[in-house]
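Please read the structure below before turning to the comments.
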2 protein chains.
Amino acid sequence: MKTIEIEDDLYLYIAGQTQHIGESASDILRRLLDAQSQLNASSELNDARVGSQALPSVPAEPVMGEDVEADKVISSIQHVEFDFSGIAEAGSSTKRFLALLSQLYCLDRSRFAKACVIKGSKREYFSQAKETLLASGKTSKPQAIPASPYWVITNTNTARKRYILQHVASEMGLQAIQIERVCEAL
Amino acid sequence: MKTIEIEDDLYLYIAGQTQHIGESASDILRRLLDAQSQLNASSELNDARVGSQALPSVPAEPVMGEDVEADKVISSIQHVEFDFSGIAEAGSSTKRFLALLSQLYCLDRSRFAKACVIKGSKREYFSQAKETLLASGKTSKPQAIPASPYWVITNTNTARKRYILQHVASEMGLQAIQIERVCEAL
DNA sequence: GAGCGGATCGAGGGGATGCTTC
DNA sequence: ACGAAGCATCCCCTCGATCCGC
């Protein structure tokens with residue numbers, strides 16, 4: 001949750017758009033902004049979804065050429081089930097770490113690419129080139145993420161692995177509950 | 001002013017829509033919501049649901065010019081793009097401090113050069129040579145300003161960082177509202 | 001560079017607070 | 001002597017990678 005300040009009249013306007021009791025500011029804004037991007041996306045009429053349906057997320061990234069695309073991808077992400085079965089089996093948290101990252105990558109390559117831009121104070125955490133990781137730290141112990149072109153740093157305690165996972169999942173736009181599950185699976 | 005809470009991804013999305021230096025959340029939201037109502041208004045098949053309440057208009061920017069010269073300079077600065085999106089994300093106020101200074105530098109190099117002539121009672125605050133700063137104090141912890149040839153002192157509390165920023169922005173000719181926003185971004 | 005996992009501890013940075021100076 | 005302004009000490013927290021256990 002973030003806190004933002006807005007002017008009173010704008011606040012009143014937004015509050016005036018409430019459709020259900022208990023709707024949060026986020027809900028209302030999503031609806032309003034979503035209505036906009038729908039209108040931008042096509043001139044066709046589409047009010048079939050008004051009211052009943054759960055609203056898809058607003059894209060988390062600033063507009064690219066592929067607005068509508070991104071929207072679809074996100075809503076699909078939100079409903080995909082992770083395959084946790086094999087993961088719990090893996091003997092070490094490092095193994096589970098790699099497996100979970102692999103699933104995130106498979107979920108959506110392009111979102112993963114944006115989400116994995118994360119580094120510590122000195123080390124690079126992700127890269128497609130093993131050497132980049134080796135170069136950024138002394139003994140980062142990079143390992144390949146299965147079924148992907150990426151490498152990750154591995155020489156961290158479990159808490160940090162969890163943090164990295166959390167960051168990527170969150171940056172990819174997963175829902176809080178899912179992020180929690182992913183982190184717990186580590 | 002009212003304070004509202006919104007979810008992180010929505011926040012990021014909104015922040016990503018920043019177009020000008022000094023834009024507040026209100027400004028951005030007004031633009032986004034306005035774009036929507038424009039589309040609705042121009043449509044023959046206007047949907048009563050959305051149009052039920054008038055969108056408050058964006059207040060005109062108060063460009064109080066006594067001096068035409070100054071006006072021109074200011075307006076050129078005031079329309080340059082300022083990217084606040086990445087800044088809020090930076091983990092420490094020192095990081096944000098450096099990022100903000102970097103943007104000010106990029107905004108106008110020569111104005112920045114004039115504006116950064118500021119010092120404390122003992123310490124030099126800005127310099128193009130790290131050594132100058134080191135020489136002027138005991139532990140000033142100089143750091144390079146990204147994308148610029150300058151260094152700044154870093155070992156100060158946040159209030160002083162804000163003061164320095166304020167001074168530079170003001171000396172560069174930004175408007176009061178914008179200076180305020182820059183300082184708030186710290 | 002090859003054994004691997006990862007907890008633990010130390011280095012280093014951030015910046016509030018207290019001390020000094022005017 | 002008292003207050004304001006500014007410096008830098010020092011504590012805390014984050015992050016790296018050593019080193020031990022398996």
Side-chain angles (χ1 to χ4, degrees), chain A residues 86-102 116-127 129-146 151-168 170-171 183-186, chain B residues 86-102 116-127 130-146 151-168 170 183-186:
Chain A
I87 290 180
E89 307 305 307
S92 69
S93 79
T94 296
K95 296 273 173 55
R96 289 190 292 275
F97 182 55
L98 292 167
L100 288 166
L101 286 171
S102 176
C116 76
V117 188
I118 167 180
K119 48 198 287 306
S121 55
K122 297 181 172 182
R123 294 144 133 192
E124 212 68 45
Y125 285 176
F126 289 88
S127 169
K130 189 186 180 183
E131 300 74 41
T132 312
L133 302 185
L134 286 171
S136 75
K138 200 62 178 305
T139 48
S140 58
K141 301 190 188 174
Q143 279 183 240
I145 301 175
W151 293 69
V152 218
I153 251 149
T154 263
N155 183 208
T156 71
N157 57 30
T158 305
R160 181 150 299 268
K161 288 194 188 76
R162 187 166 289 123
Y163 166 78
I164 294 172
L165 213 39
Q166 217 254 38
H167 176 94
V168 173
S170 150
E171 207 69 15
C183 290
E184 272 172 18
L186 214 187
Chain B
I87 291 180
E89 304 307 303
S92 67
S93 80
T94 296
K95 297 270 173 56
R96 288 189 293 274
F97 182 54
L98 293 167
L100 255 4
L101 286 172
S102 175
C116 75
V117 187
I118 167 181
K119 48 197 289 304
S121 54
K122 296 181 173 181
R123 294 144 131 192
E124 212 67 46
Y125 285 175
F126 288 88
S127 168
K130 189 184 180 182
E131 299 72 41
T132 313
L133 303 185
L134 285 171
S136 75
K138 199 61 177 308
T139 49
S140 58
K141 301 192 188 173
Q143 277 181 242
I145 300 176
W151 293 69
V152 219
I153 252 146
T154 262
N155 184 208
T156 72
N157 57 30
T158 304
R160 181 152 298 268
K161 289 194 187 77
R162 187 166 289 124
Y163 165 78
I164 294 173
L165 254 183
Q166 217 252 41
H167 176 94
V168 173
S170 152
C183 290
E184 271 173 18
L186 214 187

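All of these numbers come straight from a predicted model, not from anything done at the bench. Protein chains get the first letters and strands the later ones, always in sequence-line order, with residue 1 at the start of each.
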Next on the checklist: I need the minimum non-hydrogen distance between B:Ser127 and B:Leu133, along with the two atoms involved.
Outcome noted: CB-CD2, 3.6 Å
Pull out every protein N or O sitting under 3.5 Å from an N or O of nucleotides 12-16 of chain D, one pair per line with the distance.
unit_1, atom_1, unit_2, atom_2, d
D:dC15, OP2, A:Arg160, NH2, 3.1
D:dC15, O3', A:Ser121, N, 3.2
D:dC15, O3', A:Ser121, OG, 2.9
D:dG16, OP1, A:Ser121, N, 3.0
D:dG16, OP1, A:Lys122, N, 2.9
D:dG16, OP1, A:Arg123, N, 2.8
D:dG16, OP2, A:Tyr125, OH, 2.8

Checklist outcome for this item: Output for pair (B:Glu124 CD, B:Thr132 OG1), nearest 0.5 Å, gives 7.5 Å
Next on the checklist: Under 4.0 Å, heavy atoms only, any strand: does A:Ser140 hit a base, just the sugar-phosphate, or nothing?
Outcome noted: nothing
Checklist outcome for this item: Result for 5'-nearest mapping on DNA chain C, choosing between B:Asn155 and A:Lys130, is A:Lys130
Item to check | Separation between the C1' atoms of C:dC19 and D:dC2, rounded to whole Å | outcome: 15 Å
Checklist entry - Is the number of heavy atoms from other residues, nucleotides or ligands under 6.0 Å of B:Lys138 NZ greater than 12? => result no
Checklist outcome for this item: Of all heavy-atom pairs linking B:Ala144 and B:Leu98, the shortest is O-CD2, 3.7 Å
Checklist entry - If we take the C1' atom in both D:dA17 and C:dG1, what is their distance in whole Å? => result 15 Å
Checklist entry - Are there more than 12 heavy atoms of other residues, nucleotides or ligands under 6.0 Å from atom NZ of B:Lys130? => result no
Checklist entry - Base, sugar-phosphate, or nothing for B:Thr94, non-hydrogen atoms under 4.0 angstrom? => result sugar-phosphate
Can you give the donor-acceptor pairs under 3.5 Å from side chains of residues 159-167 of chain A to other protein atoms, not counting sequence neighbours?
unit_1, atom_1, unit_2, atom_2, d
A:Arg160, NH1, A:Tyr125, OH, 3.0
A:Lys161, NZ, A:Thr156, O, 2.8
A:Arg162, NE, A:Cys183, O, 3.3

Next on the checklist: Classify B:Lys141 by what it touches in the nucleic acid, base, sugar-phosphate, or nothing, heavy-atom distance under 4.0 Å.
Outcome noted: base
Checklist entry - What are the bounds, 5' to 3', of the part of DNA chain C that sits under 4.0 Å from heavy atoms of chain A? => result C:dG1 to C:dT8
Checklist outcome for this item: Of all heavy-atom pairs linking B:Ala185 and B:Ile87, the shortest is O-CG2, 3.9 Å
Checklist outcome for this item: Nearest heavy-atom contact between B:Ser102 and B:Pro146 is OG-O, 2.7 Å
Checklist outcome for this item: Atom CD1 of B:Ile164 and atom P of D:dA5 are separated, to the nearest Å, by 15 Å
